[in-house]
Amino acid sequence: MADHDRRPGGGFNRKRRYRDDDEHDRRPQRRRYDAPLPVRIRKQLLGLAESPLRRWHEEVQSIAHVVADNYEDQELRTSFLELVPQMVVEQPLKTPFVAAVVLVINSLKPEILDDLLANVANATEEKVTIGEWRDVKLYLKFLACLQSCLEGDGLFPVLEELFSRAVNLQTTSSDDTIGTELVKIILLTIPYIMAAAPAQWQQKAAELMDKTDVIASEPHALQVLIDPYHAEEGEGSPTANMSLIGLLQKQLQNEAMNDWELTCLPRPWQMPPEEIEQQDKLDNAQKHALPSILIPETVITGPRPLFPEIYFSVYVNQDIESVPPVSSIASSLIRDGLLDTINILDFNRGATARFLIDVDCYFSPGTFVKRATPFDRLRDVEGDRSTWKPEDVAVDAVFSQLFALPTPEHKLVYYHSVLTEACKIAPAAVAPSLGRAIRYSYQNTHRLDLELCYRFLDWFTHHLSNFGFMWKWTEWVDDVNLPDVHPRKAFILGALDKEIRLSFAQRIKGTLPEPYQVLIGPEKEQDTPEFKYNDDRTPFAAEGKEIAALLKRKAPDEEIQPIIDRIHSAALDQSIDPLVSSTDVFMTAVCWVGSKSLSHVLACIERTKDRLLDAGAASEAARAQIITAVVAYWSAHPGVAITIVEKLLNYSIITPNAVIEWALVGDRAGPYGEALSKSWVFELVFNTVVKVTSRLRQVVGSSAGDGNGEEVIGMRELFKGMEDALVSWAQGTKDQIMDPMVPDGGEDLVKRWGERWLRVCRRRSAIEETFLLESKSAS
């Protein structure tokens, strides 16, 4: 056997048995496969500008010559005419490069451009009609890059028409958002016109900007509600004057004063000196009439709700600029390209992350420093060279979506996943940038909008769970000794709770320095909480154990009722509410029997649903006690309690108003207003509000929308209940705040929490009322 196991060098080699002489090897050779021309062109176009090793002008000319030489090929023509508009709206960072290919093609075979312009003009008109404003902006950006080969005023008449609609809308209502969106599109298109043909359009651009100034310089009515910061009294918000269209207007005015340098924009249609012949052809190429793009008299919002935008950055006030300052047009143009890419490619987070990492490929050389340059090394950058880090710019763009109010375009978890993918692709480059973003957000938790604080906490813990829960906790060790109601201490407590949900207590403890250990008590290390009725000193201990035993063996309700009657009788003898007492015992037993898993507790609730429905319908106190029993049993794991409460809402055992009252009225969720600082209380209330508003939108959007009066009344009552409860906390008139046992300084902190909660409540209410108004107008 040993001989058969021996490798070459002796022994038996079956593979060479009939192939010792290569000359007699008659095996058929694999045929070389050449991809069809349309496939090769498609691949080249899709890969445009992706490699910093390939020169722009060589890529552009190579594709252009092949297309021009083979345009008679029907398949290639169809593929090219479909692919170009598709790339414009799916890979917006490449628009200038695609435009450069088209411009070179125009110098070789001009009739191709007539076909392409007709396609793009039709697509633009169609998108205007249905209100797909981002696609309209992207098509206009492409046409702006082709301005040099357009007859007459080129794209300017279309922009003038858009502005005319914006003025009409703003005149009708100052709260209009479509008008501000149209002005944003105009302002983001002008730079590409000026980059494509700077000399002859300065006057037209100046005239158009004089008109847009009227709308762009006026703060929108909704801007205060969607400001990511909620500054304390006497302080100004860092983003008070950071309206996107207001910034764009000022940035373009500065560029006009500097002869439209637009240094960040690539100009792949400008050939190097050795390509002087090609440049001469481009400069003297045939011009074409832009097909008419009709803008209807009445424009619509479209499928995505529109809100004014505020420029947000997590890299402000640094010693060295690692992102473009808001005074530079680069901040808006780069951010715009990145946000379009992020939100368009939501179906492929890996591709999105790759575009973010390669952002420096799509802008002018010298716009960014070398990738993965440490922040401390930026001080060594000489002269007027840029200190902008491509990783910081990319991370900043994603954070602007995570912190977008009222809601970003996609689910928050998508933006989480993009940052995770980017970290995996380039950990050495992205991780330090994320670290500085985390530190900035943490240091500003006291003035960030409360909803954004919760989003930050959610992302932070989710992100750590993907990388071994490792973080430099020693940096925040001094904050461990702060009061629990302090915003930074509340963030730490909320983060640890979330981490335990995503893992288990013992593992999380192992990642923390010694001072943090006390924040994770021994009760959090127990998978199943203790059943309080196992202690005979607990009131109704015997009854609690009996009910638990009956529930465990799935006994019928008839066997449980006598025990409930005994509890009622004993409670009356002790002058306490009998229904509350029996509800507490019964719900605690349900939680204990179902503590193995979510499916166990759901099955137990399903079996006892009728009794729970009767208890919940009997009195407000009983409804509140159902929630109290669940939260008390799962006090060490509030995430489980929240899930169970949401299931009880689904079964209508408790009502949304009962959840709001339990959390915000009185001290059931925490004494002296501490509940307002607990992240899990915010999660419980926020999820309840989302459940109610989602149901309302579903009903309004359905064919049975006429019968939505009940849902509207329910939603308004919910927000009114929140408003009434939170106003007293915010104004400091709540009895619990005035308790002498509240520690020094605690009153001010609780009032501040009340103010932050109240702002979220009012914003949510205003958004839903706006939705109802728009739905009514549309119908």
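Atoms considered below: every heavy atom in the structure, side chains included; atoms not considered: hydrogens, waters and symmetry mates.
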Which side-chain N or O atoms in residues 566-575 pair as donor and acceptor under 3.5 Å with protein atoms at least two apart or in another chain?
from: Arg566; atom 1: NH1; to: Glu546; atom 2: OE1; distance (Å): 3.4
from: Arg566; atom 1: NH2; to: Glu546; atom 2: OE2; distance (Å): 2.7
from: His568; atom 1: NE2; to: Ser582; atom 2: OG; distance (Å): 2.9

Sequence neighbours excluded, which residues qualify as side chain to side chain contact (heavy atoms under 4.5 Å, CB included) partners of Lys532? Thr538, Asp584, Thr588
Please say whether more than 12 non-hydrogen atoms of neighbouring residues, nucleotides or ligands are located less than 6.0 Å from CD in Glu559. yes
Within a 6.0 Å radius of atom CZ on Arg455, are there more than 12 heavy atoms belonging to other residues, nucleotides or ligands? yes
If you measure only the distance, is there a donor-acceptor pair under 3.5 Å linking the side chains of [X] and [Y]?
{"X": "His600", "Y": "Ser597", "result": "yes"}
{"X": "Tyr415", "Y": "Asn343", "result": "yes"}
{"X": "Glu543", "Y": "Tyr533", "result": "no"}

Side chain of [X], backbone of [Y]: donor and acceptor closer than 3.5 Å?
{"X": "His410", "Y": "Ile344", "answer": "no"}
{"X": "Thr655", "Y": "Ala658", "answer": "yes"}
{"X": "Arg756", "Y": "Leu448", "answer": "yes"}
{"X": "Ser503", "Y": "Ile500", "answer": "no"}
{"X": "Ser694", "Y": "Lys691", "answer": "no"}
{"X": "Trp753", "Y": "Gly673", "answer": "no"}

Could you check whether any side-chain heavy atom of [X] comes within less than 4.5 Å of a side-chain heavy atom of [Y], counting everything from C-beta outward?
{"X": "Pro487", "Y": "Leu749", "answer": "yes"}
{"X": "Leu696", "Y": "Val692", "answer": "no"}
{"X": "Arg607", "Y": "Leu551", "answer": "no"}
{"X": "Thr420", "Y": "Arg349", "answer": "no"}
{"X": "Leu726", "Y": "Leu676", "answer": "yes"}
{"X": "Glu132", "Y": "Pro303", "answer": "yes"}
{"X": "Ile508", "Y": "Ile520", "answer": "yes"}
{"X": "Ile654", "Y": "Ile627", "answer": "yes"}

Lys/Arg cation over aromatic Phe771: Arg697, 6.0 Å, 45° cone: yes
Would you call the rings of [X] and [Y] parallel, tilted or perpendicular, where under 30° means parallel and over 60° means perpendicular?
{"X": "Phe399", "Y": "Trp459", "result": "perpendicular"}
{"X": "Phe456", "Y": "Phe491", "result": "parallel"}
{"X": "Phe682", "Y": "Trp757", "result": "perpendicular"}
{"X": "Phe686", "Y": "Tyr454", "result": "tilted"}

Carefully, step by step, assess Glu661 and Arg623 under the rule salt bridge (charged side-chain N to carboxylate O under 4.0 Å, His left out). CA-CA 10 Å; Glu661 186 171 339; Arg623 282 197 295 275; over 6 Å; no
Minimum heavy-atom separation for [X] and [Y], please, with both atom names.
{"X": "Val593", "Y": "Ala548", "value": "CG2-O, 3.6 Å"}
{"X": "Leu419", "Y": "His463", "value": "O-CE1, 4.1 Å"}
{"X": "Ala669", "Y": "Ala663", "value": "CB-O, 3.9 Å"}
{"X": "Cys761", "Y": "Met722", "value": "SG-CB, 3.7 Å"}
{"X": "Phe312", "Y": "Pro228", "value": "CD1-CG, 3.6 Å"}
{"X": "Asp458", "Y": "Thr461", "value": "O-OG1, 3.1 Å"}

So, taking the atom named [atom1] in [X] and the one named [atom2] in [Y], what distance separates them when rounded to the nearest 0.5 Å?
{"X": "Arg611", "Y": "Asp557", "atom1": "CZ", "atom2": "CG", "value": "4.0 Å"}
{"X": "Ile605", "Y": "Cys591", "atom1": "CD1", "atom2": "SG", "value": "7.0 Å"}
{"X": "Ile767", "Y": "Leu772", "atom1": "CD1", "atom2": "CG", "value": "12.5 Å"}
{"X": "Leu502", "Y": "Glu499", "atom1": "CG", "atom2": "CD", "value": "8.0 Å"}
{"X": "Leu718", "Y": "Ile660", "atom1": "CG", "atom2": "CD1", "value": "4.5 Å"}
{"X": "Tyr633", "Y": "Ser595", "atom1": "OH", "atom2": "OG", "value": "4.0 Å"}

According to salt bridge (Lys or Arg N to Asp or Glu O under 4.0 Å), does anything in residues 403-412 pair up with another residue at least two apart or in another chain? List the pairs. Arg134-Glu409, Arg304-Glu409
With a 4.0 Å cut-off on N to O distance, would you call [X] and [Y] a salt bridge?
{"X": "Asp484", "Y": "Lys489", "result": "yes"}
{"X": "Asp227", "Y": "Arg447", "result": "no"}
{"X": "Glu451", "Y": "Arg759", "result": "no"}

Check the pair Glu606 / Lys609 against salt bridge (charged side-chain N to carboxylate O under 4.0 Å, His left out), numbers first and verdict last. CA-CA 5 Å; Glu606 183 68 43; Lys609 182 174 65 174; 3.7 Å; yes
Salt bridge (charged side-chain N to carboxylate O under 4.0 Å, His left out) between Asp497 and Lys678, intermediate numbers included: CA-CA 10 Å; Asp497 171 56; Lys678 295 178 179 178; over 6 Å; no
Quick one: side chain to side chain donor-acceptor pair (under 3.5 Å) partners of Asp565, sequence neighbours excluded? Gln561
Under the ring pair (Phe, Tyr, Trp, His ring centres under 6.0 Å) rule, collect the residues that match up with Phe307, sequence neighbours excluded. none
Please lay out, stage by stage, how Arg762 and Glu723 fare under the test salt bridge (charged side-chain N to carboxylate O under 4.0 Å, His left out). CA-CA 8 Å; Arg762 286 174 174 168; Glu723 174 90 14; 2.7 Å; yes
Donor-acceptor contacts under 3.5 Å from residues 637-647 side chains, at least two apart:
from: His637; atom 1: NE2; to: Gln526; atom 2: O; distance (Å): 3.1
from: Thr643; atom 1: OG1; to: Gly639; atom 2: O; distance (Å): 3.0
from: Glu646; atom 1: OE2; to: Asn687; atom 2: ND2; distance (Å): 2.7

Can Ile342 and Tyr414 be said to form a side chain to side chain contact (heavy atoms under 4.5 Å, CB included), step by step? CA-CA 10 Å; Ile342 292 167; Tyr414 166 62; 3.9 Å; yes
Let me see the working for His486 and His446 under side chain to side chain contact (heavy atoms under 4.5 Å, CB included), right down to the final yes or no. CA-CA 8 Å; His486 191 283; His446 64 288; 5.9 Å; no
